[in-house]
Peer 1: 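Quick one: the structure is below, and I'll ask about it shortly.
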Amino acid sequence: MTRRLILLRHGQTHYNASLRMQGQLDTELSELGVQQAHAVGRALAHRRPWTILSSDLQRARETALALASEVGLEVRTDPRLRETHLGTWQGMSHSEVDEQWPEARMRWRSTPRWSPPEGESRLDVARRTREVVDELVDSSPGWNEHPAVLVAHGGAIAALTAALIELPVEQYPIFNGLGNTCWVQLSAHPRPGPSWSGQPAEPEIGPTTVGAREVLWRLDQWNAGLTPPVATI
């Protein structure tokens, strides 16, 4: 049995449009973001998701509700799906951060163990978000090709994707640039037993539940989205 998982980023916010660092600030969707949410909701409804989980931040929750209204499902929220906490950077523009902490944003994006002042690292985010998926695997024996949809944030989805496919930590930064209301699709397959070459090394952020240890996630799509993208009317 193949389980399918879609990780959907929220619609545009005013912070996105003005290049400001949101982190866990509870910002709302812009007018364009609302349009994007309803458009992607209509598109993903054809995939017939069986459950929708969301970050509890309103930009993600509003995006999830747009999909839920199309398919008649409730949205369950989980704070572990929140965006990376950016500490003292939250609310600052990219240029303001670059002025006060030269080259720090580059280091943050390229070094998964590094965190902004008083914030989280990419590994911190990978640990808490992975728990949500692992618990879903354990609690949903009937999960099949109809996807579970998790609505979250660009940084959180990038960290979670890297953790699920068990990349070496140094390779986590290859996932970046997920667009607003773009998504990632993964599929879970039975984990093979040890081969002649022996058991592979345990990933640093590995499965956390019994059921999750029995599956191996594979990446099907990264940064998939509507074509053409939604534009303001």
Peer 1: Could I get the full list of side-chain hydrogen bond (donor to acceptor under 3.5 Å, both in side chains) partners for R130, not counting sequence neighbours?
Peer 2: D134
Peer 1: For the atom pair CG (L67) and CZ (R42), what is the distance rounded to the nearest 0.5 Å?
Peer 2: 11.5 Å
Peer 1: Looking at R61, R80, R82, which one forms a side chain to side chain donor-acceptor pair (under 3.5 Å) with D56?
Peer 2: R82
Peer 1: Could you tell me whether the side chain of T63 and the main chain of A37 form a donor-acceptor pair under 3.5 Å?
Peer 2: no
Peer 1: Does A64 have any side-chain contact (heavy atoms from CB on, under 4.5 Å) partners at least two apart in sequence or in another chain, and if so, which?
Peer 2: I52, S54, V75, V151
Peer 1: Do H189 and T2 pass the side-chain contact (heavy atoms from CB on, under 4.5 Å) test, and can you show the C-alpha distance, the side-chain angles, and the key distance before you say yes or no?
Peer 2: CA-CA 6 Å; H189 304 265; T2 300; 4.0 Å; yes
Peer 1: According to a 4.5 Å side-chain heavy-atom criterion applied to Ile, Leu, Val, Met, Phe, Trp and Tyr, with indirect links allowed, do V169 and L160 form part of one hydrophobic cluster?
Peer 2: yes
Peer 1: Enter the distance from T129:OG1 to D124:CG here, rounded to the nearest 0.5 Å.
Peer 2: 10.5 Å
Peer 1: Between R3 and V215, which heavy-atom pair has the shortest distance, and what is it?
Peer 2: NH1-CG1, 3.3 Å
Peer 1: Go through the steps for I165 and F175 under the test side-chain contact (heavy atoms from CB on, under 4.5 Å), then give the verdict.
Peer 2: CA-CA 12 Å; I165 66 172; F175 291 118; 3.8 Å; yes
Peer 1: Check side-chain hydrogen bond (donor to acceptor under 3.5 Å, both in side chains) between T51 and all other residues, then give those that pass, not counting sequence neighbours.
Peer 2: R76
Peer 1: Heavy atoms only: give me the nearest H153-S55 pair and the separation to one decimal.
Peer 2: NE2-OG, 2.9 Å
Peer 1: At their closest point, which heavy atom of A148 faces which heavy atom of L136, and how far apart are they?
Peer 2: CB-CD2, 3.8 Å
Peer 1: Tell me, which pairs form a ring-ring contact (aromatic ring centres under 6.0 Å, His included) where one or both residues lie in residues 115-142, sequence neighbours left out?
Peer 2: none
Peer 1: Checking S93 now: which residues fulfil side-chain contact (heavy atoms from CB on, under 4.5 Å) with it, not counting sequence neighbours?
Peer 2: R20, S95, E96
Peer 1: Listed by chain and number, what are the salt bridge (charged side-chain N to carboxylate O under 4.0 Å, His left out) partners of R113, not counting sequence neighbours?
Peer 2: E204
Peer 1: Does the side chain of L216 come within less than 4.5 Å of P192's, by heavy atoms?
Peer 2: yes
Peer 1: Treat each ILVMFWY residue as a node, draw an edge where side-chain heavy atoms are under 4.5 Å apart, and state whether L25 and L81 are in one component.
Peer 2: no
Peer 1: Could you please spell out the steps behind the side-chain contact (heavy atoms from CB on, under 4.5 Å) verdict for Q35 and L32?
Peer 2: CA-CA 5 Å; Q35 294 172 20; L32 174 58; 4.2 Å; yes
Peer 1: For the pair E83 (side chain) and G155 (backbone), establish whether a donor and an acceptor sit closer than 3.5 Å, ignoring hydrogens and angles.
Peer 2: yes
Peer 1: Output every pair passing ring-ring contact (aromatic ring centres under 6.0 Å, His included) with a member in residues 48-76, not counting sequence neighbours, ordered by first then second residue.
Peer 2: W50-W143
Peer 1: Given T13, which of E28, R59, Q22 fulfils the side chain to side chain donor-acceptor pair (under 3.5 Å) condition?
Peer 2: Q22
Peer 1: Please test V97 against W108 for side-chain contact (heavy atoms from CB on, under 4.5 Å), starting from the C-alpha separation and ending with a verdict.
Peer 2: CA-CA 12 Å; V97 172; W108 166 58; over 6 Å; no
Peer 1: Using every non-hydrogen atom in the two residues, find where P49 and V149 come nearest and quote the distance to one decimal.
Peer 2: CB-CG2, 3.7 Å
Peer 1: CD of E70 to CG of L44: how many Å apart, nearest 0.5 Å?
Peer 2: 10.0 Å
Peer 1: Pairs in or reaching into residues 171-185: which pass side-chain hydrogen bond (donor to acceptor under 3.5 Å, both in side chains), with residues at least two apart or in two chains?
Peer 2: N16-N180, R47-Q185, Q185-D220
Peer 1: Which residues pass the side-chain hydrogen bond (donor to acceptor under 3.5 Å, both in side chains) test with R4, not counting sequence neighbours?
Peer 2: none
Peer 1: List the steps, then state whether side chain to side chain donor-acceptor pair (under 3.5 Å) holds for Q12 with S30.
Peer 2: CA-CA 6 Å; Q12 186 204 68; S30 66; 2.6 Å; yes
Peer 1: Please check this pair: side chain of R191 against backbone of R213, looking for a donor-acceptor N/O pair closer than 3.5 Å.
Peer 2: yes
Peer 1: Just jot down the side-chain hydrogen bond (donor to acceptor under 3.5 Å, both in side chains) partners of T88, sequence neighbours excluded, or say none.
Peer 2: none
Peer 1: Report whether I205 and V137 are members of the same hydrophobic cluster (ILVMFWY, side-chain heavy atoms less than 4.5 Å apart, transitive linking).
Peer 2: yes
Peer 1: Do the non-hydrogen side-chain atoms of P79 and R128 ever get within less than 4.5 Å of each other?
Peer 2: no
Peer 1: Using side-chain contact (heavy atoms from CB on, under 4.5 Å) as the criterion, list what pairs up with N223, not counting sequence neighbours.
Peer 2: L178, C182
Peer 1: Give, for atom CG of D98 and atom CE of M92, the distance between the pair rounded to the nearest 0.5 Å.
Peer 2: 9.5 Å
Peer 1: What is the distance from atom OG1 of T161 to atom CG of L5, rounded to the nearest 0.5 Å?
Peer 2: 8.0 Å
Peer 1: How far does CG of L65 sit from NE2 of H38, to the nearest 0.5 angstrom?
Peer 2: 9.0 Å
Peer 1: Could you pull out all residues at least two apart from A104 that satisfy side-chain contact (heavy atoms from CB on, under 4.5 Å)?
Peer 2: W89, W101, W114
Peer 1: Say whether, by atom type as modelled, one donor and one acceptor occur between the side chain of E120 and the main chain of T84 under 3.5 angstrom.
Peer 2: no
Peer 1: Using every non-hydrogen atom in the two residues, find where E135 and T209 come nearest and quote the distance to one decimal.
Peer 2: N-CG2, 4.3 Å
Peer 1: Is it true that V34 and L226 fall in one hydrophobic cluster, defined by side-chain heavy atoms closer than 4.5 Å?
Peer 2: no
Peer 1: Please check if L219 and W217 belong to a single hydrophobic cluster, counting links between Ile, Leu, Val, Met, Phe, Trp and Tyr side chain heavy atoms closer than 4.5 Å.
Peer 2: yes
Peer 1: Looking at every heavy atom in both P173 and P112, which two are closest together, and how far apart are they?
Peer 2: CD-CG, 3.8 Å
